[in-house]
Each structure stands twice: as C-alpha cells, then as structure tokens.
Amino acid sequence: QVELDESGGGSVQAGGSLTLSCVPSTYRYGCAGWFREDPGKEREGIAVLGGESSDGRTTYASSVRGRFTISKDNAKNTLYLQMNNLKPEDTAVYYCAVDPDYCTGDYPDRVVAFLYRGLGTQVTVSS
C-alpha cells in the first residue's frame, strides 16, 4: 500500500497563488498527477506527469492550462502543483495520485483512476 502525504491547501483570494506538495511513501511509481473534486461537480483530472522515459512530459486540463504547473523534485521525492491566478471555480479538494504503471503523461483525465491517492487538501478561492 502506498500512502501520499499532501499539504499546502488553504484559502486565498481570486488572483492569488498556492503551492500544493505531495510526498509518496515510495520512489517507485510510473505516473503521477493531481485531480480535484468539488460537491456537485464531476471529479476532474487536472495535471499529469509522465514516467521517466517520457522525459517528464506534462499535460493539463484545459480548465487549468497556463495557470497550474505540476513538477517533481526527485531528491526530495516530492510532487508539486503550483497554482497561479486562482479563480473561485478552482475551489475543490485536491488529491495527489500515483500509479505503478508507466504513462506517457498525455492524459490528465486518467489521473482520477490512478491506483493510489492521498486524503486530499482543501483549496478555497474567494472572489
């Protein structure tokens, strides 16, 4: 069983920024990403980071493209989601997820089905 420890959520005004962090309990995973969930809305995969052979390819949902950045610090075994120019519609619980299978980093929507996920961290954006 892989555990993921997320942090960095909070409340911010529209236009502000937050950085989410996630530390998986294993170094061995083929694919990583972030998804979010808000009551009344469909769960949304927003960012994916491909495996090593993909040269760190990243892809984003259209709703966050240009504002969010997924990255990884291998030395710290930590995943990040930098979120800029936040909007009220970004309000949700954000989850980090990893999967043992390799991925190319092309399909952020598949993150919602990754095998392991964290407990989530709340992000609230006020107008």
Side-chain angles (χ1 to χ4, degrees):
Q1 182 70 25
V2 176
E3 297 181 352
L4 297 96
D5 184 17
E6 297 146 329
S7 61
S11 297
V12 64
Q13 289 191 326
S17 299
L18 284 173
T19 300
L20 306 183
S21 301
C22 170
V23 182
S25 61
T26 179
Y27 286 86
R28 295 187 173 187
Y29 52 88
C31 201
W34 294 85
F35 69 92
R36 63 187 182 185
E37 189 169 32
D38 192 38
K41 297 181 182 179
E42 191 172 332
R43 187 176 294 176
E44 182 185 20
I46 55 174
V48 63
L49 173 65
E52 288 187 10
S53 299
S54 75
D55 293 327
R57 179 176 176 81
T58 59
T59 308
Y60 302 89
S62 58
S63 57
V64 306
R65 193 175 300 133
R67 301 186 297 122
F68 291 13
T69 303
I70 184 173
S71 61
K72 178 183 176 183
D73 185 328
N74 288 320
K76 297 180 179 180
N77 191 31
T78 301
L79 296 162
Y80 300 98
L81 185 68
Q82 173 68 43
M83 306 184 294
N84 298 327
N85 190 22
L86 282 160
K87 304 175 181 181
E89 51 264 43
D90 294 318
T91 295
V93 178
Y94 284 72
Y95 298 85
C96 171
V98 299
D99 198 272
D101 292 338
Y102 170 81
C103 77
T104 57
D106 289 306
Y107 306 105
D109 56 305
R110 296 179 181 177
V111 176
V112 301
F114 281 7
L115 187 60
Y116 303 111
R117 64 186 62 172
L119 296 179
T121 183
Q122 176 71 46
V123 172
T124 302
V125 185
S126 58
S127 57

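- Considering all non-hydrogen atoms of both residues, Ser63 and Glu44 come closest at OG-OE2, 2.6 Å.
- Interatomic distance, CG of Leu79 versus OG of Ser21, reported as 9.0 Å (0.5 Å rounding).
- Side-chain contact annotation: Gln82 with Thr19, donor-acceptor N/O pair under 3.5 Å present.
- With Asp73 contributing its side chain and Lys76 its backbone, the two residues share a donor-acceptor pair below 3.5 Å.
- Between the side chain of Thr59 and the backbone N or O of Gly105, at least one donor-acceptor pair lies under 3.5 Å.
- One hydrophobic cluster holds both Val12 and Met83 under the rule that ILVMFWY side chains link at heavy-atom gaps under 4.5 Å.
- Counting only distance, with no hydrogens or angles, the side chain of Asn77 and the backbone of Pro24 share a donor-acceptor pair below 3.5 Å.
- No more than 12 heavy atoms of other residues, nucleotides or ligands lie within 6.0 Å of CG in Leu119, so this atom counts as exposed by the packing criterion.
- Between Glu3 atom CD and Thr26 atom OG1 the span is 11.5 Å, to the nearest 0.5 Å.
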Mind listing the side-chain donor-acceptor pairs of residues 89-97 below 3.5 Å, one per line with the distance, residues two or more places apart or on another chain?
unit_1 : atom_1 : unit_2 : atom_2 : d
Asp90  : OD1    : Arg36  : NH1    : 2.9
Asp90  : OD1    : Arg67  : NH2    : 3.0
Asp90  : OD2    : Arg67  : NH1    : 2.7
Asp90  : OD2    : Arg67  : NH2    : 3.3
Asp90  : OD2    : Lys87  : N      : 2.8
Thr91  : OG1    : Pro88  : O      : 2.9
Thr91  : OG1    : Val125 : N      : 2.9
Thr91  : OG1    : Val125 : O      : 3.4
Tyr94  : OH     : Arg36  : NH1    : 2.9
Tyr94  : OH     : Asp90  : O      : 2.6

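- When the side chains of ILVMFWY residues are joined at heavy-atom separations under 4.5 Å, either directly or via intervening members, Ile46 and Leu18 end up in a single hydrophobic cluster.
- Atom CG of residue Leu86 and atom OG of residue Ser11 lie 11.0 Å apart, to the nearest 0.5 angstrom.
- With rounding to the nearest 0.5 angstrom, the OH atom of Tyr29 is 12.0 Å from the CG atom of Asp99.
- Between the OG1 atom in Thr104 and the CZ atom in Arg57 there is a gap of 7.0 Å [rounded to 0.5 Å].
- Under the 4.5 Å side-chain heavy-atom criterion for grouping Ile, Leu, Val, Met, Phe, Trp and Tyr, Trp34 is connected to Leu115 within one hydrophobic cluster.
- The list of ring-ring contact (aromatic ring centres under 6.0 Å, His included) pairs with a residue in residues 107-127, not counting sequence neighbours, is empty.
- No continuous path of hydrophobic side-chain contacts links Val48 to Leu4 [ILVMFWY only; heavy atoms under 4.5 Å].
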inquiry  = Run Arg110 and Cys103 through side-chain contact (heavy atoms from CB on, under 4.5 Å) and show every step you take.
reply    = CA-CA 10 Å; Arg110 296 179 181 177; Cys103 77; over 6 Å; no
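- Under the 4.5 Å side-chain heavy-atom criterion for ILVMFWY residues, a single connected hydrophobic cluster contains both Leu49 and Val98.
- The number of heavy-atom neighbours closer than 6.0 Å to CD of Glu37, taken from other residues, nucleotides and ligands shown, is above 12.
- Pairs engaging residues 54-80 under the ring-ring contact (aromatic ring centres under 6.0 Å, His included) rule: none recorded [sequence neighbours left out].
- Listed here is the closest heavy atom pair of Gly45 and Val112: N-CG1, 3.5 Å.
- Between Thr78 atom OG1 and Leu20 atom CG the span is 13.0 Å, to the nearest 0.5 Å.
- The shortest non-hydrogen separation linking Val111 to Gly33 is CG1-C, 3.7 Å.
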